[in-house]
> 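Would you mind keeping the following structure in view while I ask a few things?
Values reported hereafter were calculated over all heavy atoms of this structure, with side chains retained and with hydrogens, waters and symmetry mates removed.
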Amino acid sequence: MPSAGERIFGGGADDGTSTMLHIDMDAFFASVELLEHPELRGLPVIIGGAGGRGVVTSATYEARRFGVHSAMPTARALQLCPKAIVLPSHHEKYRHYSAQVMNVFRDVTPLVEPLSIDEAFLDVAGARRLLGSPSTIGAAVRARVFAETGLTCSVGAASTKFIAKMASGRAKPDGMLVVPASESLAFLHPLPVGALWGVGASTAEALTRLGIRTVGDLAATPLQTLVSRVGEASGQKLHSLANGHDRRSVVTERVEKSIGHEMTFEFDMSDPRQLRLELLRLSDQVAVRLRRAGLAAKTVALKVRFSDFSTISRSRTLSEPTDLAQTISDAARDLFDHVGLEQRVRLIGVRAENLVEAHETVHQPSLWEDESAAPSSWRDAEVTVDRVAEKFGRNILKRASLVEPGPRERRRPDHPAPPA
DNA sequence: TCTGGGGTCCTAGGACCC
DNA sequence: TCTGGGGTCCTAGGACCC
Ligand SMILES: [Mg+2]
């Protein structure tokens with residue numbers, strides 16, 4: 001895929017006013033996979049969830065030409081592009097490359113705000129004296145990222161975060177777009193409202209019904225009209241951004257506000273015992289992450305998605321914050337037991353919210369790795385050995401000592417037998 | 001075509017307090 | 001006695017992003 005090039009909006013020179021950089025990796029997951037499969041370069045490659053229920057998480061530009069994009073069901077993508085090569089994703093690997101790229105950014109300035117695994121804001125106002133104009137810095141970062149990882153990225157440079165983010169999107173792939181401060185409104189106003197960061201399908205439709213199609217239309221709409229149609233916060237925000245106002249600065253440290261895990265099943269499930277076991281497994285994953293972060297949760301939230309894709313959430317605030325799988329699982333299970341199961345369950349999830357610093361974190365291994373910590377729920381779950389094996393593999397059974405009857409099982413001679 | 005998993009932020013109603 | 005208003009916490013749902 002050829003580079004989109006490095007350009008300055010409006011055709012002038014870099015006047016040094018575009019000190020906010022937004023840098024976004026190009027087709028990140030797919031590009032990382034291509035590093036290990038060079039023979040696939042130039043072909044339509046899709047990274048998709050394993051199994052029949054996946055969605056596209058990344059696609060090469062060759063695949064995008066067929067209309068394939070992120071969040072599209074893999075089945076749909078294959079219909080649009082039957083020759084696409086679907087690869088499973090490897091998050092551990094992506095995190096590794098992400099860390100490498102972020103380190104390149106931090107060599108330029110300590111003022112780096114990672115927004116996600118593959119993008120960040122850089123405030124280069126202070127780096128200019130040493131490193132040159134924003135466009136010089138942007139070009140240098142792109143070159144260094146490529147030299148160190150073999151990956152391409154795109155840079156948006158502007159006077160605000162919002163415009164920088166919009167500019168990087170228009171710089172893709174493998175390019176850079178600098179928007180001098182004086183060009184901000186000329187850049188923004190022709191854009192369709194739906195292209196704005198924070199405006200999705202729902203808001204775009206509401207705005208279109210008001211006759212607002214471009215950012216320019218938005219800027220010309222009275223604040224009160226906007227607020228009354230899309231809500232207080234959205235209205236205020238859209239009005240400011242459409243007029244180029246955005247005083248947000250780079251935030252280098254963020255406190256996590258919630259930690260959760262969820263699971264979509266290969267086939268919708270109706271057996272509450274299996275679902276409760278899944279809750280325990282998810283709760284354990286959540287608890288392990290809480291303890292690693294030195295955090296405890298005051299609130300436990302349950303999410304259930306049914307066959308028809310309708311989704312409910314239930315949450316409960318505990319009397320004491322917790323970082324223990326058993327406590328989280330007990331709460332999640334209790335919430336779950338009060339949910340009517342008129343339909344089969346497609347997805348189940350557990351999230352820890354209202355996080356506080358844990359006062360004393362005792363060392364507590366994952367339930368799945370320490371059989372002495374195996375909870376009573378194991379027995380209550382009443383799962384058959386075969387079902388667990390099918391779901392988690394034999395290793396889990398060994399670790400949880402379900403394969404060879406241990407003390408826990410001997411206390412329960414009526415443990416359901418595997419189907420013949 | 002049939003919809004992942006990780007998150008953040010906002011709204012709105014009710015409880016409760018001042 | 002009635003009315004008003006603000007603030008905080010809790011809960012459910014939804015929009016949105018990558
Ligand atoms: Mg991105």
Side-chain angles (χ1 to χ4, degrees), chain A residues 22 24-30 46-59 66-82 84 86 88-89 91 94-95 98 114-120 162 165-166 168-169 194-207 227 229-238 248 251 254-266 268 282 285-286 289 298-319 331 335 338-339 346-355:
Chain A
H22 179 261
D24 200 320
M25 304 303 294
D26 300 326
F28 184 50
F29 297 175
I46 287 170
I47 311 304
R53 296 194 138 165
V55 298
V56 174
T57 56
S58 180
F66 292 83
V68 173
H69 57 79
S70 295
M72 172 182 281
T74 309
R76 170 67 175 151
L78 281 172
Q79 183 180 294
L80 290 173
C81 181
V86 182
S89 74
H91 264 268
Y94 310 149
R95 271 194 292 273
S98 174
L115 262 196
S116 75
I117 194 166
D118 80 325
E119 63 189 285
F162 182 69
K165 167 81 177 168
M166 299 298 300
S168 73
L196 291 182
W197 186 30
V199 173
S202 172
T203 308
E205 217 217 295
L207 293 174
V227 165
R229 303 305 175 95
V230 302
E232 184 67 36
S234 298
Q236 295 275 0
K237 189 175 140 191
L238 287 178
R248 291 173 294 177
V251 179
R254 281 239 140 100
V255 224
E256 6 182 25
K257 304 214 159 141
S258 69
I259 292 175
H261 284 280
E262 62 188 51
M263 167 84 188
T264 294
F265 305 114
E266 198 64 41
D268 296 350
L282 293 165
Q285 288 183 274
V286 169
R289 284 182 56 201
K298 285 201 283 187
T299 304
V300 173
L302 167 78
K303 172 170 163 183
V304 182
R305 175 167 289 154
F306 298 101
S307 290
D308 69 355
F309 217 72
S310 61
T311 308
I312 61 148
S313 56
R314 296 288 180 267
S315 71
R316 168 178 304 170
T317 298
L318 312 169
S319 48
L335 291 166
H338 286 86
V339 172
R346 171 191 180 96
L347 168 151
I348 200 159
V350 176
R351 179 164 294 277
E353 300 175 341
N354 254 316
L355 306 185

> Looking only at the side chain of A:Asp118 (C-beta and beyond, no hydrogens), which of the listed nucleotides C:dA12, B:dC9, C:dC18 gets closest?
C:dC18
> Looking across every strand, which nucleic acid part, if any, lies under 4.0 Å from A:Ala77 by heavy atom: base, sugar-phosphate, or nothing?
nothing
> Quick check for you: among C:dT11, B:dG4, B:dC2, whose closest atom lies nearest to any side-chain atom of A:Pro73?
B:dC2
> Report yes if at least one side-chain N or O of A:His261 is closer than 4.0 Å to OP1 or OP2 of B:dG5; otherwise report no.
no
> Does a side-chain N or O of A:Thr203 approach OP1 or OP2 of C:dC16 to a distance below 4.0 Å, or not?
yes
> It should be established whether A:Arg254 places a side-chain nitrogen or oxygen under 4.0 Å from OP1 or OP2 of nucleotide B:dG7.
no
> Could you tell me whether the phosphate oxygens of B:dG7, OP1 or OP2, come under 4.0 Å of any side-chain nitrogen or oxygen in A:Lys257?
no
> Report the residue from A:Ser313, A:Ser258, A:Ser315 that forms a side chain to side chain contact (heavy atoms under 4.5 Å, CB included) with A:Arg351.
A:Ser258
> Roughly how far apart, to the nearest Å, are C:dC17 and B:dT3 at atom P?
22 Å
> Would you say whether A:Phe309 stacks on B:dT3? The test is a distance between ring centres of less than 5.5 Å and an angle between planes of less than 30°.
yes
> Respond yes when some side-chain nitrogen or oxygen of A:Thr57 is under 4.0 Å from OP1 or OP2 of B:dG4, and no when none is.
no
> Taking any heavy-atom pair under 4.0 Å as a contact, classify A:Lys165: base, sugar-phosphate, or nothing.
sugar-phosphate
> Which part of the nucleic acid does A:Arg305 contact within heavy-atom distance under 4.0 Å: base, sugar-phosphate only, or nothing?
sugar-phosphate
> At under 4.0 Å, does any side-chain N or O of A:Arg351 touch on OP1 or OP2 of B:dG7?
yes
> Which nucleotide wins on minimum distance to the side chain of A:Thr317, given the candidates C:dC10, C:dC18, B:dC9?
C:dC10
> Does C:dG13 have its OP1 or OP2 closer than 4.0 Å to a side-chain nitrogen or oxygen of A:Thr311?
no
> Taking the side chain from A:Ser89 and the backbone from A:Ile47, do they hold a donor-acceptor pair closer than 3.5 Å?
no
> Looking at A:Thr264, I'd like to know whether one of its side-chain N or O atoms comes within less than 4.0 Å of OP1 or OP2 on B:dG5.
yes
